[in-house]
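Comments concern the structure below.
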Amino acid sequence: MRGIITVLGKDQVGIIARVCAYLAGGGINILDISQTIVQGYFNMLMIVDMTGRCFDETAAGLDALGRDIGVTIKLRHEDIFNTMHIV
């Protein structure tokens, strides 16, 4: 099972480090990552392997981490994106 993580907020030192440390601590592998900064706003998209991990618990933990560091972090199931793009 794969998840899609988005991170959005004002740019600051340590966003990537904190998110990656959280994922590593939960045994979640990052499969792909893309990040950009536009006019001081940080935006990151990650595809992660959620195999054997509790989706709801991870989503709640990432949400709490985002509040702690002042950004919005959302975890969504890959199936949502796949379903949206079926023609």
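Remember, it's a predicted structure, so these values are computed and weren't measured experimentally. These values consider heavy atoms only, across backbone and side chains, with no hydrogens, waters or symmetry-generated copies.
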Rounded at 0.5 Å granularity, tell me how far [atom1] in [X] sits from [atom2] in [Y].
X	Y	atom1	atom2	answer
C20	M46	SG	CE	4.0 Å
I37	K10	CD1	NZ	11.5 Å
L62	T72	CG	OG1	12.0 Å
Q39	D11	CD	CG	13.0 Å

Side-chain heavy-atom pair [X], [Y] within 4.5 angstrom cut-off:
X	Y	value
N43	V38	no
T58	M50	yes
I30	L23	yes
V48	N29	no
I47	I4	yes
L65	R18	yes
T36	F42	no
K74	D63	yes

Side-chain ([X]) to main-chain ([Y]) donor-acceptor, under 3.5 angstrom:
X	Y	answer
R2	H77	no
Q12	I69	yes
R76	G3	no

Hydrophobic cluster identity match, I5 and I16, side-chain contacts under 4.5 Å: yes
I73 vs T6, side chain to side chain contact (heavy atoms under 4.5 Å, CB included): CA-CA, chis, key distance, verdict: CA-CA 6 Å; I73 305 175; T6 57; over 6 Å; no
Closest heavy-atom pair and its distance - I15, V71: CD1-CG1, 4.0 Å
Whether over 12 other heavy atoms sit under 6.0 Å from F55 CZ: yes
